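Notes follow once the structure below has been shown.
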Amino acid sequence: MDKFEEAFNKIIEKDRKVEPRDWMPEKYRQTNIRQISQHAHSEIIGMQPEGNWLLRAPSLRSKQVLLAKIQDEAGHGLYLYSVAETLGISRQEMIAQLQSGEAKYSSIFNYPTVSWADIGAVGWLVDGAAIVNQVSLQRTSYGPYSRAMVRICKEESFHQRQGYEIMCSMAFGTAEQKEMAQDALNRFWEPALMMFGPHDSDSVHKGQSMEWKIKRESNDHLRQRFIDRTVPQAQYLGLTIPDDQLKFNEETQHWETGPFNWDEFWNVVKGNGPCNQERIDHHIAAHKDNEWVREAAAAYAAKTELEVA
Ligand code: BYC
């Protein structure tokens, strides 16, 4: 082991942060690029299912709040792309990987949002799951990623409240509204649990990522925390979690679920979910439509540089 590797190992061992200019193993760099860019893509693609309801939000207030939330997601995406850039990959390369299907993004965003209650379920469950994962990532070993998570988590907790507020008004509203809320929970429950990734036994990156403290807690551990937190919230709403095997284990003090449909998960991850094609097609079209903005920004930057020189 050379002195660089020794210094890197010491940073990890002492729970300090790895910074962009520190020496790091190539696999550490690549694993962070993979995870952070996937995270950024998820934020950007995640704007689509929500944007679907912007023009149909039921009041001016709900429209303003949803708009603010979607703008936050854009901010998170850009913030995370900048974090990944500190590891030596360009934004153009990451976008190309997303559009070619080489880079993944969270499976959850390949499901459609077919009713206003779905916007409630997305905020409550999807942002709720994201917070559990991202609070843990605040302690990740790569400094810029860890600091980004601190800021992003603050906004995510507003997002979760936005969703739960919608669920409250629907679940305590008319019988028809309650039915819509239940239907949204039925469709989003299992996909939200799958946001945490495969079971630990099938998580290929678990060992190395935990050793390098990129991931601080395992997929199953975080999923369980989310389940334990969310079941009482569903009970308060008077809604039923769509799992007839769900039961509370007095001994462990945890909620236990039935088995998940992992075939569906892998099918969605491989690109065959209900909206995968639509999401990527939309991203490609928007990217092309806005080419003139990038050109204008680059021309302005070049002109400013010339003037400064
Ligand atoms: N979907 O070894 P594993 C948001 C892949 S956005 C798709 O456990 P790892 C929001 C995984 O990539 C929140 N793919 O992997 C935005 C790997 O494949 P590759 C997004 C998945 O990385 C807008 C393979 O399966 N959050 O909050 O150790 C509106 C094996 O898995 C998924 C993040 O991105 C999945 N669900 O652990 C509202 C958090 N799960 O790469 C809300 C950051 C697994 O070898 N990411 N795969 O081809 C992470 O914490 C980790 O990457 C994961 C997976 C826990 C997701």
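Atoms considered below: every heavy atom in the structure, side chains included; atoms not considered: hydrogens, waters and symmetry mates. Small disclaimer: the values here were computed from a predicted structure and weren't measured.
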Is there a side-chain contact between Val18 and Trp212, using heavy atoms and a 4.5 Å cut-off? no

Mark yes or no for whether Asn249, through its side chain, and His254, through its backbone, hold a donor-acceptor pair below 3.5 Å. no

Determine whether more than 12 heavy atoms belonging to other residues, nucleotides or ligands lie under 6.0 Å from atom CD of Glu305. no

Can the ring centroids of His41 and Tyr81 be said to lie less than 6.0 angstrom from one another? yes

Carboxylate-amine/guanidinium contact Lys69 Glu155, below 4.0 Å: no

Verify same cluster id: Leu67, Met47 (apolar side-chain graph, 4.5 Å): yes

Rounded to the nearest 0.5 Å, the CZ atom of Arg187 sits from the OG1 atom of Thr113 at a distance of 9.0 Å

Strictly distance-based, threshold 3.5 Å: is any side-chain N or O of Ser136 a donor or acceptor partner for the main-chain N or O of Val132? no

How about His199 and Asn219: does a side-chain donor come under 3.5 Å of a side-chain acceptor? no

Can a side-chain donor-acceptor contact be found between Asn186 and Gln182 if the only test is distance below 3.5 angstrom? yes

Does Ser107 reach the main-chain N or O of Val269 with its side chain, forming a donor-acceptor pair under 3.5 Å? no

The complete set of ring-ring contact (aromatic ring centres under 6.0 Å, His included) pairs with one or both residues in residues 96-127, sequence neighbours excluded, reads Trp124-Tyr164

Gln160 side chain to Asp127 side chain, donor-acceptor N/O pair below 3.5 angstrom: no

Show the numbers, then the answer: is there a ring pair (Phe, Tyr, Trp, His ring centres under 6.0 Å) between Phe265 and Phe260? CA-CA 9 Å; Phe265 170 75; Phe260 309 139; 9.9 Å; no

Return yes if some donor-acceptor pair links the side-chain N/O of Gln99 with the main-chain N/O of Ala96 below 3.5 Å, else return no. no

Asp228 (side chain) donor-acceptor with Trp255 (main chain) under 3.5 angstrom: yes

Determine whether a donor-acceptor pair (N or O, by modelled atom type, separation under 3.5 Å) exists between the side chain of Arg56 and the backbone of Asn52. yes

Ignoring hydrogens and angles, state whether a donor on the side chain of Glu13 or Asn9 is under 3.5 Å from an acceptor on the partner side chain. no

Approximate separation, where rounding is to 0.5 Å, of Ile166 CD1 and Trp53 CH2: 10.5 Å

So which residues get pulled into Phe158's cluster when ILVMFWY side chains under 4.5 Å apart are joined, directly or through others? Val65

Going by chain and number, the hydrophobic cluster around Val293 (ILVMFWY, side chain to side chain under 4.5 Å) further includes Trp292

Between Lys10 and Glu6, is the closest basic N to carboxylate O distance under 4.0 Å? no

Can you check whether Arg279's main-chain N or O pairs, donor with acceptor, with Gln48's side chain at less than 3.5 Å? yes

Residues Ser90 and Glu93: side-chain donor-acceptor under 3.5 angstrom: yes

Using 30° and 60° as the class boundaries, would you call the ring planes of Tyr28 and Phe8 parallel, tilted or perpendicular? perpendicular

Asn133 side chain vs Leu222 backbone, donor-acceptor pair below 3.5 Å: no

Separation between CG of Leu239 and CE of Met167, rounded to the nearest 0.5 Å: 5.5 Å

Arg229 side-chain N/O to Gln224 backbone N/O, donor-acceptor pair under 3.5 Å: no

Heavy-atom distance under 4.5 Å between the side chains of Leu80 and Met149, does that happen here? yes

Contact between Glu190 and Glu264 at the side-chain level, heavy atoms closer than 4.5 Å - yes or no? no

For Tyr236, I'd like to know if atom OH has over 12 heavy atoms of other residues, nucleotides or ligands within 6.0 Å. no

Using 4.0 Å as the upper bound for N to carboxylate O, is an ion pair formed by Glu26 and Arg29? yes

Mind checking whether Gln138 and Cys153 have side chains closer than 4.5 Å, heavy atoms only? yes

Same hydrophobic cluster for Leu125 and Val114, using side-chain heavy-atom links shorter than 4.5 Å among ILVMFWY? no

Is it the case that one hydrophobic cluster holds both Met210 and Met24, taking links as side-chain heavy atoms less than 4.5 Å apart, direct or via other members? no

Find out whether Glu19 and Pro144 are in side-chain contact, i.e. whether some heavy atom of one side chain is under 4.5 Å from a heavy atom of the other. yes

Main-chain N/O of Thr140 paired to Arg216 side chain as donor or acceptor, under 3.5 Å: no

Return yes when atom CD of Glu179 has more than 12 non-hydrogen atoms of other residues, nucleotides or ligands closer than 6.0 Å, and no otherwise. no

Does the side chain of His159 pick up a donor-acceptor pair with the side chain of Glu156 at under 3.5 Å? yes

Hey, could you give me the CZ/CD1 distance between Arg225 and Ile227, rounded to the nearest 0.5 Å? 12.0 Å

Crowded around Arg34 CZ? As in, over 12 foreign heavy atoms under 6.0 Å? yes

Charged N to carboxylate O below 4.0 Å: is that the case for Arg61 and Glu165? yes

More than 12 heavy atoms from other groups under 6.0 Å of CZ on Arg91: yes

Do the ring planes of His283 and His287 sit parallel (below 30°), tilted (30 to 60°) or perpendicular (above 60°)? parallel

Hydrophobic cluster identity match, Leu137 and Ile131, side-chain contacts under 4.5 Å: no

